[in-house]
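Since the structure comes first, as structure tokens, the remarks are kept for the end.
Keep in mind it's a predicted model, so treat the numbers as computed, not measured.
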Amino acid sequence: MNIIYFCLHCFRCCRRRSRQKKTEDIQKQAIIQEDVCLKQDSVGDLGSSSNASRTKLQKQQSVIEGVEALLEEAENIPQENLGRLKFRLQHDPIQKSLSVFVLEADGLPALDLGGTSDPYVKLFLLPEREGQSRTFETRVQQKTIKPEFNECFVYTDLAYSDLMNKTLVLSVYDFDRFSKHDPIGELRIQLYQVDFVRPTDEWRALQTIEDADTRGGKLGELCFSLRYVPTSGKLSVVILEAKGLKKMDVGSGLSDPFIKIYLLQKGKRLKKKKSTIKKHTLNPYYNESFTFDVPLKHIPETSLVLTVIDYDRLSKSDPIGRVVVGSMSGGLELRHWTDMLGSPRRPIAQWHVLRDPDDRRDDN
């Protein structure tokens, strides 16, 4: 037991290190915890089953190496050079407020004919609370690809514990007076990874904005969190909410959406769960949790398919769109999956754009 307590203490200490080393440290700690459990098994049966325990240890180590390879693959996903954004985050535990300082940007692409852009930054937190959306925007900086914003925005009524499942999104757009604003890039910051004890100015490279407008999707978006506990093999999915769903009911112009979740291994459906039905809405709020038993050795061959379906009492229910997360996915779906593996026991929330339900490219 002392060994377990020591490992847990090491795990907490690793969480206090810098963001750059956080994922690597958590990976190592997950490996340590799995090895401790295996060593305890071998100690208990040292006289009769030492060879079996050694074989089990080797198999588990092989699986862990596979998970590490997935994490490395996600980190090496090629990204277009969209510039970078400088910001600072501060949390006041007494006032229960989160201050976001948008400082400056650099190397933005020139989207206007004159070789410049008119950039501004839009801020919002995910997941949003039911019936509450708090979005901020900076002032537009005209004719520049190196804008200086130096603006501060404050989110109130946010205790430190509330930040653990929140994602801050900073989206950069090019302002256009006579047409739709052009997306440039965005940052998605998992707030549980931020060191609020020592806030510092930080530069981060912008990533492609993954939303319905930029990808041409008209099906809507789904927000859910993933959590995996290696020692118990529990894979948890929390369906949080959806927004902008496609209108499926001709008369009302609304839908009656519910979520169906399939657990796949090697492309075969093993288990199925579904949420409640939300009547007459295109922006349903669920906050419903589902748990699957997935041993660590099966994680590399596991994927989840989340399908949003419009319920119809008199005929067959129609699928609206779906999301596939797993080791064979790509883009944000793969990144969400590997973020979950790199942060054991932590729920990782993410918005996903719904894909065509007939698109089977990510099935494995």
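Of all the heavy atoms in Ser327 and Pro300, the pair that sits closest is OG-O, 2.7 Å.
A distance-only check finds no donor-acceptor pair linking the side chain of Arg322 to the backbone of Leu306 [under 3.5 Å]. Of the possible polar contacts, one joining the Asn283 side chain to the Gly244 backbone as a donor-acceptor pair under 3.5 Å is found. At least one donor-acceptor pair under 3.5 Å links the side chain of Asp256 to the backbone N or O of His280. A donor-acceptor pair under 3.5 Å links the side-chain atoms of Ser117 to the main chain of Leu111, judged by distance alone. A donor-acceptor contact shorter than 3.5 Å is absent between the side chain of Ser317 and the backbone of Ile309. Ser343 places no side-chain N or O within 3.5 Å of a backbone atom of Met340 that could act as its donor or acceptor partner. In this structure, Asp293 contributes its side chain and Lys234 its backbone to no donor-acceptor pair below 3.5 Å. The backbone N or O of Gly115 sits nowhere less than 3.5 Å from a side-chain atom of Asp112 that would complete a donor-acceptor pair. Remark: the backbone N or O of Ile94 is paired with a side-chain donor or acceptor of Asp92 at under 3.5 angstrom. The backbone N or O of Ala110 lies less than 3.5 Å from no partner atom in the side chain of Thr116, so there is not a single donor-acceptor pair.
Inspection of the Thr167 and Gln350 side chains reveals no N or O donor paired with an N or O acceptor under 3.5 Å. For the residue pair Ser236 and Tyr228, no side-chain donor N or O sits within less than 3.5 Å of a side-chain acceptor on the partner. There is no side-chain donor-acceptor pair under 3.5 Å between His336 and Glu333. Checked by atom type, the side-chain pair Arg346/Ser225 shows no donor-acceptor distance below 3.5 Å.
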ask   = When you look at Val323 and Arg355, which way does the side chain to side chain contact (heavy atoms under 4.5 Å, CB included) test go after all the steps?
value = CA-CA 6 Å; Val323 177; Arg355 298 180 182 269; over 6 Å; no

ask   = Could you go step by step and tell me if Leu254 and Thr281 meet the side chain to side chain contact (heavy atoms under 4.5 Å, CB included) rule?
value = CA-CA 6 Å; Leu254 299 172; Thr281 179; over 6 Å; no

inquiry  = Checking Thr276 against Glu288 for the side chain to side chain donor-acceptor pair (under 3.5 Å) test, could you report, in this order, the C-alpha distance in whole Å, the side-chain angles of both residues, the deciding distance, and whether it holds?
reply    = CA-CA 8 Å; Thr276 58; Glu288 299 179 24; 2.4 Å; yes

message = Apply side chain to side chain donor-acceptor pair (under 3.5 Å) to residues Ser171 and Arg188 and explain how you reach the verdict.
response = CA-CA 9 Å; Ser171 300; Arg188 289 181 176 251; over 6 Å; no

task = Tell me, with the steps shown, if Val169 and Leu187 meet side chain to side chain contact (heavy atoms under 4.5 Å, CB included).
result = CA-CA 6 Å; Val169 182; Leu187 302 180; over 6 Å; no

ask   = Yes or no on salt bridge (Lys or Arg N to Asp or Glu O under 4.0 Å) for Glu241 and Lys243, after CA distance, side-chain angles and deciding distance?
value = CA-CA 7 Å; Glu241 59 181 313; Lys243 65 180 180 180; over 6 Å; no

task = Show your reasoning for whether side chain to side chain contact (heavy atoms under 4.5 Å, CB included) applies to Leu226 and Val325.
result = CA-CA 10 Å; Leu226 299 175; Val325 290; 4.2 Å; yes

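Looking only at side-chain heavy atoms (C-beta outward), Leu108 and Pro147 come within less than 4.5 Å of each other. Looking at heavy atoms from C-beta onward, Val294 lies in side-chain contact with Ile299 at the 4.5 angstrom threshold. In this structure, the side chains of Asn287 and Ile239 stay at 4.5 Å or more apart for every pair of heavy atoms. Side-chain contact check for Thr135 versus Leu123: every heavy-atom pair is 4.5 Å or farther apart. Counting heavy atoms from C-beta on, the side chains of Phe87 and Glu202 come closer than 4.5 Å. Residues Leu264 and Leu304 have side chains not in contact (no heavy-atom distance under 4.5 Å, counting atoms from C-beta outward). The closest side-chain heavy-atom distance from Val194 to Ile189 is below 4.5 Å. Considering only heavy atoms from C-beta on, Tyr286 comes within 4.5 Å of Pro257 through its side chain.
In summary, the aromatic rings of Phe136 and Phe124 are positioned with their centroids too far apart to meet the 6.0 Å limit.
Note that the OG atom of Ser275 and the CZ atom of Phe290 stand 5.5 Å from one another [nearest 0.5 Å]. The CZ atom of Phe149 lies 9.5 Å from the CD atom of Glu104; values are rounded to the nearest 0.5 Å. The NE2 atom of His352 sits 10.5 Å away from atom CD of Glu221, with the distance rounded to the nearest 0.5 Å. How far CG of Leu98 is from OH of Tyr160: 11.5 Å, rounded to the nearest 0.5 Å. With values rounded to the nearest 0.5 angstrom, Leu103 atom CG is found 11.5 Å from Thr138 atom OG1. Here CG of Leu270 is found 9.0 Å from NE2 of His298. Values are rounded to the nearest 0.5 Å.
Note: the hydrophobic cluster containing Val238 does not contain Val305 (ILVMFWY, side chain heavy atoms under 4.5 Å, direct or indirect links). Side-chain heavy atoms closer than 4.5 Å link hydrophobic residues (I, L, V, M, F, W, Y) into clusters, and following such links, even through other members, never connects Phe153 to Phe101. Cluster annotation: Leu240 is not connected to Met164 through the hydrophobic network of ILVMFWY side chains, with a link wherever side-chain heavy atoms come within less than 4.5 Å. Linking Ile, Leu, Val, Met, Phe, Trp and Tyr whenever their side-chain heavy atoms come within less than 4.5 Å leaves Val308 and Tyr311 in two separate clusters.
Not a single salt bridge (Lys or Arg N to Asp or Glu O under 4.0 Å) links Lys279 to another residue, sequence neighbours left out. Residues forming a salt bridge (Lys or Arg N to Asp or Glu O under 4.0 Å) with Asp106 (at least two apart in sequence, or on another chain): Arg84.
Under the 30°/60° scheme for interplanar angles, the aromatic rings of Tyr120 and Phe175 are found to stand perpendicular.
Counting heavy atoms of neighbouring residues, nucleotides and ligands inside a 6.0 Å radius, atom CD of Gln142 does not exceed 12 of them. Environment of NZ in Lys274: sparse, with no more than 12 heavy atoms of neighbouring residues, nucleotides or ligands closer than 6.0 Å. At most 12 non-hydrogen atoms from other residues, nucleotides or ligands lie less than 6.0 angstrom from CZ of Arg139.
Sorted pairs that involve residues 94-103 and meet salt bridge (Lys or Arg N to Asp or Glu O under 4.0 Å), not counting sequence neighbours, are lacking altogether.
Geometrically, Lys278 does not engage Phe258 in a cation-pi contact, judged by NZ or CZ lying under 6.0 Å from the ring centre and within 45° of the ring axis. Remark: Lys273 is positioned above the aromatic ring of Phe292, its terminal NZ or CZ atom under 6.0 angstrom from the ring centre and at most 45 degrees off the axis.
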